[in-house]
Number of protein chains: 2
Amino acid sequence: MCELIYPEDMSSKAFSSVWLREPRKATSPGRSREEIVRAAIELLQEEGLAGLSMRKLGARLSAGATSLYWYVANKDELLELAYDEVWGEMTVPDPEEVGWRDSASALAHSMRQVILRHPWSADLIGRLPALGPNALRVTDRMRRMFKVAGFEGPDIDFANATLTAYVFGMTIPEIAWNTATRNSAYDADQMRDMVRNAAAEFPDVLESLDLDIYTDPQAIRELCFDFGLTSMLDGLGRRLAA
Amino acid sequence: MCELIYPEDMSSKAFSSVWLREPRKATSPGRSREEIVRAAIELLQEEGLAGLSMRKLGARLSAGATSLYWYVANKDELLELAYDEVWGEMTVPDPEEVGWRDSASALAHSMRQVILRHPWSADLIGRLPALGPNALRVTDRMRRMFKVAGFEGPDIDFANATLTAYVFGMTIPEIAWNTATRNSAYDADQMRDMVRNAAAEFPDVLESLDLDIYTDPQAIRELCFDFGLTSMLDGLGRRLAA
DNA sequence: ACCTGAACACCGTTCAAGT
DNA sequence: ACCTGAACACCGTTCAAGT
């Protein structure tokens, strides 16, 4: 229904990444970039992505909002820095020791848990490139993992992309639903009734509402995640065998 | 490094969905909700998610910004309505005719293309529940598809979730990268050099930069998408065979 | 039933001016 | 080298008041 239009200025300012320019040489005292990022993450944990404003962050550091602009070019750069800290919490077990499949599986679970612990980062995945040192480190170890598995050339990157796509794609909507229901004025029962009502015309969807998301959401989501992960890894394994 | 804290008020107001309350009965003239949604989508196509404001939308409809609040409770509801229109463009071929695997594959490609055509919708996936009639229709047809394939009970939903997770997870960062580079002050070559520089310490990542994203991004992404999709469907197929 | 404008409580960012 | 406050150009949303 819509034409394919690519706006010249999506955000009316040119893109640039903190990671793609020379770092300001670390000078001595006053506030530090690390301190600012740490405070930003605190604020993000407490109030979510929408709760972080330069003004509030300044206040938390007992500084003027605009002082921060000496350490960081703009808010997006600050978010890039915070985002990379999240990547820093993901772990990739050594595939040489545990085998590529266990390594991949553990990484997938680690990624999911880390994102669930930092719900604000879910929105950033679709907004910021992951070019920080922590993100690159994870990518590097993943590539090694899939090399050990036996992939070669571009397939290594394709396998990388496939695994992360699956984990992110499973986890991002999970978080959306979590925050929505947590902020909801209704309890789980009311919620189910309303959804059932909305889905009244779709018998196949209705059918799933009773088993699904509502009974023990947490447990079912784990099952679902493992189901997809197993399928995914089976599929990758089959490719290696062929 | 951070505690698991769930803020009471992520956005400081309770969640509710347009789809979960009785629709205002359609009265006659003046502006209509459809008209507003149509104009909103135009604006979204032209200027992206950040470019849509109630004020600009009002102006485009030669109305006061606040008139819109008679048709829609808030901006998020408006976005839900626009978001569901996107789902309306996704197609699921009849699995009885083409078989579940071709049906799934065609749906996956359709989803990807639709999101690529509406980059603004990528951000909404992680923010709004997909409870509109179009989203439900797609979900319903997907469920039927996986039933035809032979899945039963919760596995039907798990297969659904797995497929959508893969497609969204692959496409969302793709869009993030697209918009970033389109808005960038640098061309592809400069970009590659800067990324290479950022990744200097990670030999395995470096290794991939030459084949990868830069040579013919479009074509490589298709290859990558098909690689993961095939793996995914192979994995699901294996489960059916077992 | 529909629309308006003024007003409230916010934003990110720039920039001249201070120390 | 670092920090400030004022100012600019925006936001979403409420609400009394109009027709």
Side-chain angles (χ1 to χ4, degrees), chain A residues 9-16 18 22-36 39-40 43-44 47-82 120 123-124 127-128 183, chain B residues 9-16 18 22-36 39-40 43-44 47-82 120 123-124 127-128 183:
Chain A
D9 55 334
M10 202 85 159
S11 65
S12 81
K13 63 164 187 285
F15 165 78
S16 72
V18 223
E22 287 304 311
R24 184 188 300 282
K25 58 186 168 299
T27 48
S28 45
R31 263 164 283 276
S32 73
R33 187 181 258 191
E34 288 74 39
E35 194 187 348
I36 291 172
L43 205 43
L44 288 165
E47 308 195 26
L49 193 55
L52 173 69
S53 78
M54 299 303 267
R55 285 169 156 90
K56 276 202 247 180
L57 182 57
R60 175 176 285 247
L61 293 162
S62 10
T66 55
S67 318
L68 308 173
Y69 284 86
W70 197 85
Y71 295 93
V72 124
N74 50 45
K75 193 184 178 182
D76 269 4
E77 278 204 7
L78 181 59
L79 289 173
E80 273 192 286
L81 293 164
W120 48 272
D123 291 305
L124 300 181
R127 213 155 88 194
L128 304 172
N183 290 0
Chain B
D9 54 335
M10 203 84 160
S11 65
S12 83
K13 63 163 186 283
F15 165 79
S16 72
V18 224
E22 288 303 312
R24 184 187 300 282
K25 57 186 171 299
T27 48
S28 46
R31 262 164 283 275
S32 73
R33 186 181 259 192
E34 289 75 38
E35 195 187 347
I36 291 172
L43 206 42
L44 287 165
E47 308 196 28
L49 192 54
L52 173 69
S53 77
M54 299 304 268
R55 285 169 156 89
K56 275 201 248 179
L57 182 56
R60 176 176 284 248
L61 293 161
S62 9
T66 55
S67 319
L68 308 174
Y69 284 86
W70 197 86
Y71 296 93
V72 125
N74 51 43
K75 194 185 177 183
D76 268 3
E77 278 203 8
L78 181 59
L79 290 173
E80 273 192 287
L81 294 164
W120 48 273
D123 292 303
L124 300 181
R127 214 156 88 192
L128 303 173
N183 291 358

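Treat the numbers as computed from the prediction; the structure is a model and nothing was measured. Order of the sequence lines fixes the chain letters, A, B, ..., with proteins taken first and strands second; residue numbering starts at 1 for each chain.
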[X] and [Y]: which non-hydrogen atoms are nearest, and at how many Å?
X       : Y       : result
A/Arg60 : A/Leu43 : NH2-CD1, 3.6 Å
B/Ala82 : B/Leu44 : CB-CD1, 4.1 Å
B/Asn74 : B/Tyr69 : CA-CE2, 3.9 Å
B/Met54 : B/Leu78 : SD-CD2, 4.1 Å
B/Ala39 : B/Leu61 : CB-CD2, 3.8 Å

Problem set entry | Identified pairing partner of C/dT19, criterion: Watson-Crick or G-U wobble below 3.5 Å |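 When the pairing criteria are applied, D/dA1 turns out to be the nucleotide that pairs with C/dT19.
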Problem set entry | D/dC8 - base-pair partner by Watson-Crick or wobble geometry, distances under 3.5 Å |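 Here D/dC8 is engaged in a pair, and the nucleotide opposite it is C/dG12.
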Problem set entry | 5' precedence on DNA chain D between B/Leu52 and A/Ala65 (nearest-nucleotide basis) |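 This one resolves to A/Ala65.
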Exercise. About how many Å separate CZ of A/Arg55 and OG1 of A/Thr66, when rounded to the nearest 0.5 Å?
Worked result: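 That separation rounds to 9.0 Å.
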For this session: Check DNA chain D against residues 53-63 of chain A and give the residues with a non-hydrogen atom under 4.0 Å, in numerical order.
Result: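 Going residue by residue through residues 53-63 of chain A, the ones with a heavy atom under 4.0 Å of DNA chain D turn out to be A/Arg55, A/Ala63.
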Whole angstrom value for the distance that separates [atom2] of [N] from [atom1] of [X]:
X       : N      : atom1 : atom2 : value
B/Asp76 : D/dC11 : CG    : P     : 16 Å
A/Arg33 : D/dA1  : CZ    : P     : 16 Å
A/Leu68 : D/dT4  : CG    : P     : 9 Å

Which listed nucleotide ([options]) is nearest to the side chain of [X]?
X       : options               : answer
A/Tyr69 : D/dA1, C/dC15, C/dG12 : C/dG12
B/Trp70 : D/dC3, C/dC15, C/dA1  : C/dA1
B/Lys75 : D/dG12, D/dT4, C/dT13 : D/dG12

Problem set entry | Donor-acceptor pair present, B/Thr66 side chain and D/dG12 base, under 3.5 Å |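 No, the side chain and the base share no sub-3.5 Å donor-acceptor pair.
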